[in-house]
Amino acid sequence: MSKDYDGLSEAELYKLFYDIIRDIPAGKVASYGQIALLADRPRDGRYVGHALHAVTDPSIPWQRVVMASGEIAARSNPGERERQQKLLKQEGVEFIADFQVDMQRCGWQKMPPDLFG
DNA sequence: GTTTTGACATTGA
DNA sequence: GTCAATGCCAAAA
C-alpha cells in the first residue's frame with residue numbers, strides 16, 4: 001500500500017466512487033459533492049472529478065455527474081460537454097438552461113420522501 | 001525530485 | 001443574491 005485513505009486504498013476509494021455513480025438511476029443526476037459525501041469524503045469533489053477522468057469503464061455513467069449548481073462540469077473538450085447534455089436529455093433529464101440541469105426535479109436522492117407516498 | 005494544473009465544494013464578504 | 005478566496009488530493013510536466 002503506497003497510500004492510505006483513512007484505511008482505504010486508492011483502488012478501493014475509486015471503486016467506491018464508481019459504485020456510487022453506477023447507482024445513479026437514468027433520468028437523474030448527482031453532484032460531485034453528493035458522491036464525495038456518500039463516499040465518506042466531504043469536500044473532496046475534486047477527487048471525484050479525477051476519478052471520473054481516470055475512468056475508462058463505459059459502464060460508468062459519468063455523464064450523470066454534474067456540479068453542485070446543477071451545471072455540467074466543464075471538460076477540456078467543450079464538444080464532449082455538449083454531447084453530455086444531449087445524452088442526459090435522452091435519458092429524460094430536464095434542462096433549465098443550455099448547460100444547467102434542473103436539480104429540483106432531476107436531483108438524485110437516495111430516498112425521495114414524497115415520491116412514493 | 002518539485003511545481004503546476006485540474007470533470008469541484010465550501011465559506012466569507 | 002453574486003463574486004472571491006481557500007482547501008482537498010492526485011496526475012502530469
Side-chain angles (χ1 to χ4, degrees):
Chain A
M1 306 351 189
S2 304
K3 300 161 190 172
D4 56 297
Y5 302 92
D6 200 36
L8 289 173
S9 53
E10 57 179 287
E12 289 293 318
L13 189 61
Y14 269 58
K15 189 182 176 189
L16 193 59
F17 282 131
Y18 299 153
D19 189 35
I20 295 170
I21 296 169
R22 266 189 218 170
D23 273 351
I24 304 177
K28 300 214 171 165
V29 292
S31 64
Y32 289 84
Q34 187 95 32
I35 296 169
L37 195 74
L38 292 174
D40 199 62
R41 294 246 123 52
R43 281 98 172 177
D44 274 9
R46 193 162 251 186
Y47 201 2
V48 180
H50 271 281
L52 266 71
H53 186 223
V55 94
T56 59
D57 198 314
S59 286
I60 310 290
W62 58 272
Q63 55 207 58
R64 291 175 199 154
V65 184
V66 295
M67 296 196 274
S69 306
E71 193 178 353
I72 296 180
R75 279 183 64 269
S76 305
N77 272 6
E80 290 295 303
R81 184 170 49 170
E82 191 178 330
R83 178 158 45 189
Q84 179 177 0
Q85 188 200 23
K86 192 174 179 179
L87 288 171
L88 289 175
K89 277 187 178 178
Q90 286 184 352
E91 291 193 349
V93 178
E94 283 190 49
F95 278 75
I96 61 182
D98 266 358
F99 291 100
Q100 190 95 16
V101 183
D102 194 339
M103 287 297 257
Q104 250 183 1
R105 293 167 82 66
C106 301
W108 177 55
Q109 31 192 305
K110 291 172 72 178
M111 252 213 175
D114 60 294
L115 190 68
F116 296 96

Review point. Is there a side-chain polar atom (N or O) of A:Arg46 under 4.0 Å from OP1 or OP2 of B:dT10?
Key: no
Review point. Do side-chain atoms of A:Tyr32 reach the backbone of A:Ala73 as a donor and acceptor pair under 3.5 angstrom?
Key: no
Study note, to complete from the structure: Ranking A:Gly45 and A:His50 by the position along DNA chain C of their nearest nucleotide, the one closer to 5' is A:Gly45
Review point. Paired with B:dA7 by Watson-Crick or G-U wobble geometry, both distances under 3.5 Å: which nucleotide is it?
Key: none
Practice item. Using atom OH of A:Tyr47 as one end and atom P of B:dA9 as the other, report the distance to the nearest whole Å. Key: 17 Å
Point to revise | Side-chain ion pair, A:Arg64 and A:Glu91, N-O less than 4.0 Å | key: yes
Review point. How is A:Ala51 classified with respect to the nucleic acid when contacts are heavy atoms under 4.0 Å: base, sugar-phosphate, or nothing?
Key: nothing
Practice item. May I ask which nucleotide in the shown strands pairs with C:dG1, Watson-Crick or G-U wobble, both distances under 3.5 Å? Key: none
Exercise for review: When you get a sec, tell me which of B:dA9, B:dT11, B:dA7 is the closest nucleotide to the side chain of A:Arg43?
Suggested key: B:dT11
Exercise for review: Rounded off to whole Å, could you give me the CH2-to-P distance for the A:Trp62 and B:dG6 pair?
Suggested key: 18 Å
Exercise for review: Determine, for A:Arg22 against A:Asp57, whether the closest basic-nitrogen to carboxylate-oxygen distance falls under 4.0 angstrom.
Suggested key: yes
Revision key, fill the gap. Separation of B:dC8 atom C1' from A:Met103 atom CE, nearest Å, is 13 Å
Check your understanding: Got A:Pro61 and A:Ile21 here, is their nearest side-chain heavy-atom distance under 4.5 Å?
Key -> yes
Exercise for review: Answer yes or no: does atom CZ of A:Arg105 have more than 12 heavy-atom neighbours from other residues, nucleotides or ligands under 6.0 Å?
Suggested key: no
Review point. Among the nucleotides C:dC9, C:dA11, B:dT10, which one has an atom lying closest to any side-chain atom of A:Asp44?
Key: C:dC9
Exercise for review: Using whole Å, report how far CG of A:Leu52 lies from P of B:dA9.
Suggested key: 12 Å
Revision key, fill the gap. Taken to the nearest whole Å, CZ/A:Arg75 to C1'/B:dC8 is 15 Å
Study note, to complete from the structure: Per the O4'-C1'-N9-C4 / O4'-C1'-N1-C2 angle with a 90° window around 0, B:dA9 comes out anti
Review point. Less than 5.5 Å between centroids and less than 30° between ring planes, does A:Tyr32 satisfy that with B:dA9?
Key: no
Revision key, fill the gap. In whole angstroms, the gap separating P of C:dC8 from NE2 of A:His53 amounts to 24 Å
Practice item. Round to the nearest Å and state the distance from A:Leu88 atom CG to B:dA7 atom P. Key: 18 Å
Practice item. Report yes if a side-chain nitrogen or oxygen of A:Ser76 is closer than 4.0 Å to either non-bridging phosphate oxygen (OP1 or OP2) of B:dA7; otherwise report no. Key: yes
Review point. Rounded to whole angstroms, how far apart are CG on A:Leu13 and C1' on C:dC8?
Key: 12 Å
